[in-house]
Amino acid sequence: MPNLQAPRGTRDLLPSQTPAWTRLERLAADLAARYGYRRIETPLFEQAAVFERGVGAVTDIVEKELFRIAPRTEESESWALRPEPTAGIVRAYIQHGMQTLPQPVKLAMTGPMFRHDRPQAGRYRQFWQFDVEAIGDPGPAVDAEIIELGHRFFADAGLADVRIHLNSIGDAACRPAYIETLAAHYRPHAAELPAVERERLERAPLRLLDSKDPSMAPLNATAPRITDHLCGPCREHFDAVQAHLAALGVEFSLEPGLVRGLDYYTRTAFEYYLEGRQGQQQALGGGGRYDGLVELLGGKPTPGIGLGLGLDRILLALEAQGVPPAADPALTAVVVGADPAATADRLRVATILRSAGIPARAELGQRKLGKQLESAAKERAHFAVIVGDEFADGQVQVKDLEAGAQKLVAIADLARHIERAQASHRHGAPVER
RNA sequence: GUGGCCUUAGCUCAAUGGUAGAGCACUGGAUUGUGGCUCCAGCGGUUACGGGUUCGACCCCCGUAGGCCACCCCA
């Protein structure tokens with residue numbers, strides 16, 4: 001183990017892995033564009049207050065997992081690395097007066113997030129998220145549309161066994177009363193509860209519902225359900241979201257235990273859950289409505305809903321399901337030479353190819369021709385351009401490394417020749433994807 | 001943050017407490033103008049790091065770091 005290594009919970013994405021990432025990022029960008037979400041980028045760090053107020057000061061994310069940046073001077077602001085995208089995007093919405101744009105404002109972003117969690121497979125301290133936000137539309141239809149967008153992403157990526165969990169967690173009008181009802185259900189049994197659960201009863205009663213402790217099952221089974229305690233408007237909204245999803249043909253299951261960890265969520269909460277796999281994190285993404293967040297961060301009361309998908313976990317799931325990764329794009333041409341010393345000639349030929357838009361590498365070393373061709377073949381390059389004696393007459397040998405055929409070509413025709421040969425290749429055998 | 005399992009070459013793995021090895025990969029040669037195969041050779045290790053026990057430690061003990069599993073939480 002070297003002395004210097006990537007920080008705990010972070011990792012390098014190596015060239016052998018990046019094609020799969022590029023594929024997912026393109027999928028995300030295409031999808032966002034197709035649904036009318038426009039790209040936004042916000043800083044990787046913000047004033048800590050953005051997250052303390054936006055995510056919630058008493059959430060695990062802020063209390064335990066926030067990467068704080070030590071101030072350099074006494075008058076410095078307190079900064080923190082973003083643990084999630086929504087708070088920063090909403091801050092940008094307010095800062096740039098986006099309420100004067102036609103509503104809703106639909107924004108999309110893909111990038112790294114940071115949480116000081118204990119690492120595990122699929123759980124990293126720096127992880128990537130694809131995120132979309134629709135700010136300024138209170139209606140249930142946009143909820144359904146965004147849930148369907150996430151669903152579509154998994155379909156496009158080729159991932160199977162993803163289920164949608166859906167719930168409503170009410171709003172300021174009905175949730176406080178429900179939480180009190182819920183707490184009252186558990187409180188008589190507080191003494192017998194495991195320590196962890198007793199703690200939850202005090203701090204976050206909603207969390208009791210999704211306890212994994214088997215001893216909690218009987219109490220949980222009889223616990224009041226939030227969906228039976230929604231106020232009229234929330235009930236109506238929730239029913240409409242379900243009706244819209246059904247109309248879109250998107251299947252989902254109602255999960256009364258689904259509560260999102262962030263304070264700002266209201267009403268619709270949803271999650272994409274990987275069925276039937278163990279040994280990695282199964283929540284691939286989720287989101288929900290945050291009708292109070294804009295106001296909380298200093299804007300006018302404005303509704304909003306968002307979705308975040310965890311690209312790291314999705315990639316792990318794709319690998320586990322044996323979905324073939326995107327092919328590493330092969331180099332088109334390698335310029336080799338019979339005279340190991342004639343580096344300048346090889347460079348010139350490579351430059352001609354690159355000017356014509358053909359990806360090319362020149363052999364810059366002094367190895368003999370056989371070794372040069374060997375490494376070109378191992379790279380799976382399509383063509384070898386051999387610079388030899390004919391170069392003096394303005395000609396080179398072009399060797400098709402797949403077919404083995406070789407042809408003398410005038411340098412003036414070189415790019416055209418390779419383009420034509422490659423086009424006929426693509427007709428013959430479809431490129432793997 | 002709590003508990004458990006793990007860590008030997010770039011990768012996958014060997015090695016009774018007694019001289020650290022193989023396969024793959026990489027580099028060169030067989031082949032001075034023709035490739036992926038084959039054969040040969042080379043490169044590559046403070047056995048994660050730091051202590052301890054022992055005549056002697058990859059092996060036993062302690063600590064640290066990192067990975068993984070469960071919890072917690074969540075993407």
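Note on naming: letters A, B, ... go to the chains in the order of the sequence lines (proteins, then strands), and numbering restarts at 1 for each one. The figures here come from the full heavy-atom set of this structure, side chains too, leaving out hydrogens, waters and symmetry mates.
- Residue A:Gln120 contributes atom CD, which lies 9 Å from atom C1' of B:C71 at whole-angstrom precision.
- Across all strands shown, B:U32 forms no Watson-Crick or G-U wobble pair with both distances under 3.5 Å.
- Straight-line distance between the P atoms of B:G18 and B:A25: roughly 33 Å, to the nearest whole Å.
- With distances taken from any side-chain atom of A:Lys368 to the nucleotides B:C68, B:C73, B:A30, the minimum falls on B:A30.
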Expected rows: protein N/O vs nucleotides 33-42 of chain B N/O, under 3.5 Å:
from  : atom 1 : to       : atom 2 : distance (Å)
B:G33 : OP2    : A:Ala338 : O      : 3.2
B:G33 : O6     : A:Asp389 : N      : 2.9
B:G33 : O6     : A:Asp389 : OD1    : 3.4
B:G33 : O6     : A:Asp389 : OD2    : 2.6
B:G33 : N1     : A:Glu390 : OE2    : 3.0
B:G33 : N2     : A:Glu390 : OE2    : 3.4
B:U34 : O2     : A:Lys399 : NZ     : 3.0
B:U34 : O2     : A:Gln406 : OE1    : 3.3
B:U34 : N3     : A:Gln406 : OE1    : 3.0
B:U34 : N3     : A:Gln406 : NE2    : 3.2
B:U34 : O4     : A:Gln406 : NE2    : 2.8
B:G35 : N7     : A:Lys399 : NZ     : 3.2
B:G35 : N1     : A:Leu401 : O      : 2.5
B:G35 : N2     : A:Leu401 : O      : 2.5
B:G36 : O6     : A:Leu401 : O      : 2.6

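- Between the side chain of A:Arg123 and the base of B:C72, at least one donor-acceptor pair of N or O atoms lies under 3.5 Å.
- In this structure, B:U27 and B:A41 make a Watson-Crick or G-U wobble pair, each of the two defining distances being under 3.5 angstrom.
- Look at B:G3: its Watson-Crick or wobble partner, with both distances under 3.5 angstrom, is B:C69.
- Residue order along RNA chain B, read from the 5' end via each residue's closest nucleotide, puts A:Thr10 first among A:Thr10 and A:Tyr124.
- Using a 4.0 Å cut-off between a side-chain N of Lys or Arg and a carboxylate O of Asp or Glu, A:Asp60 and A:Arg207 do not qualify as a salt bridge.
- Backbone-only engagement by A:Gly9 is indicated by non-hydrogen atom pairs under 4.0 Å involving sugar-phosphate atoms exclusively.
- Counting to the nearest Å, the P atom of B:C73 and the CG atom of A:Leu258 are 14 Å from each other.
- Between the CD atom of A:Glu271 and the P atom of B:C73 there is a distance of 13 Å, given to the nearest Å.
- One P atom belongs to B:G45, the other to B:U8, and the distance between them is 15 Å to the nearest Å.
- Both A:Gly308 and A:Arg118 lie near RNA chain B, and the one whose nearest nucleotide falls closer to the 5' end is A:Arg118.
- Look at B:C60: its Watson-Crick or wobble partner, with both distances under 3.5 angstrom, is B:G52.
- Per the geometry, CD belonging to A:Gln366 stands 15 Å off C1' belonging to B:G28, to the nearest Å.
- Between B:C13 and B:C58, the two C1' atoms lie 14 Å apart (nearest whole Å).
- For B:C74, one of the phosphate oxygens OP1 or OP2 lies less than 4.0 angstrom from a side-chain nitrogen or oxygen of A:Arg207.
- Taking the P atom of each, B:A15 and B:A30 are spaced 39 Å apart, rounded to whole Å.
- Ion pair A:Lys407/A:Asp413 not flagged as a salt bridge, since none of the NZ, NE, NH1 or NH2 atoms sits closer than 4.0 Å to an Asp/Glu carboxylate oxygen.
- In this structure, the OH atom of A:Tyr265 is 10 Å from the P atom of B:C74, given to the nearest Å.
- Salt-bridge formation is detected for the pair A:Glu197/A:Arg200: a Lys NZ or Arg NE/NH1/NH2 atom is positioned less than 4.0 Å from an Asp or Glu carboxylate oxygen.
- Only the P atoms considered, B:C69 is 27 Å distant from B:C59, to the nearest whole Å.
- Summarising the geometry, the separation between CG on A:Leu66 and P on B:C74 is reported as 14 Å, rounded to the nearest angstrom.
- Taking the P atoms as reference points, B:C37 lies 33 Å from B:U47, given to the whole Å.
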Item to check | Worked check of side-chain hydrogen bond (donor to acceptor under 3.5 Å, both in side chains) between A:Arg163 and A:Ser253 | outcome: CA-CA 8 Å; A:Arg163 303 238 340 234; A:Ser253 56; 3.2 Å; yes

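- Counting any heavy atom pair closer than 4.0 Å across all strands shown, A:Arg8 reaches sugar-phosphate atoms only and no base atom.
- The separation of B:A20 from B:A57, taken at their C1' atoms, amounts to 13 Å, rounded to a whole angstrom.
- Contact check for A:Leu353 versus A:Ile418: side-chain heavy atoms found under the 4.5 Å cut-off.
- Taking the P atom of each, B:G36 and B:U31 are spaced 14 Å apart, rounded to whole Å.
- The side chain of A:Arg200 lies closest to B:C73, out of B:G66, B:G4, B:C73.
- Distance alone, capped at 3.5 Å, places no donor-acceptor pair between the A:Arg313 side chain and the A:Leu284 backbone.
- Remark: B:G21 base-pairs with B:C13; criterion is Watson-Crick or G-U wobble with both hydrogen-bond distances under 3.5 Å.
- A:Phe154 places its CZ atom 12 Å from the P atom of B:A75, with the value rounded to the nearest Å.
- A side-chain hydrogen bond (donor to acceptor under 3.5 Å, both in side chains) with A:Arg289 is found for one member of A:Asp137, A:Asp143, A:Thr266 and no other, namely A:Asp143.
- The A:Arg367 side chain lies nearest to B:U27 when the options are B:G1, B:C72, B:U27.
- Rounded to whole angstrom, the span from the CG atom of A:Leu14 across to the C1' atom of B:G10 amounts to 11 Å.
- Between A:Arg187 and A:Glu180, at least one side-chain N (NZ, or NE/NH1/NH2) sits under 4.0 Å from a carboxylate O, which counts as a salt bridge.
- No salt bridge links A:Glu374 with A:Arg367; every basic N to acidic carboxylate O contact stays at or beyond 4.0 Å.
- Salt-bridge formation is detected for the pair A:Arg68/A:Glu52: a Lys NZ or Arg NE/NH1/NH2 atom is positioned less than 4.0 Å from an Asp or Glu carboxylate oxygen.
- The aromatic ring of A:Trp128 does not sit over the base of B:A75, since the test of centres under 5.5 Å and planes under 30° is not met.
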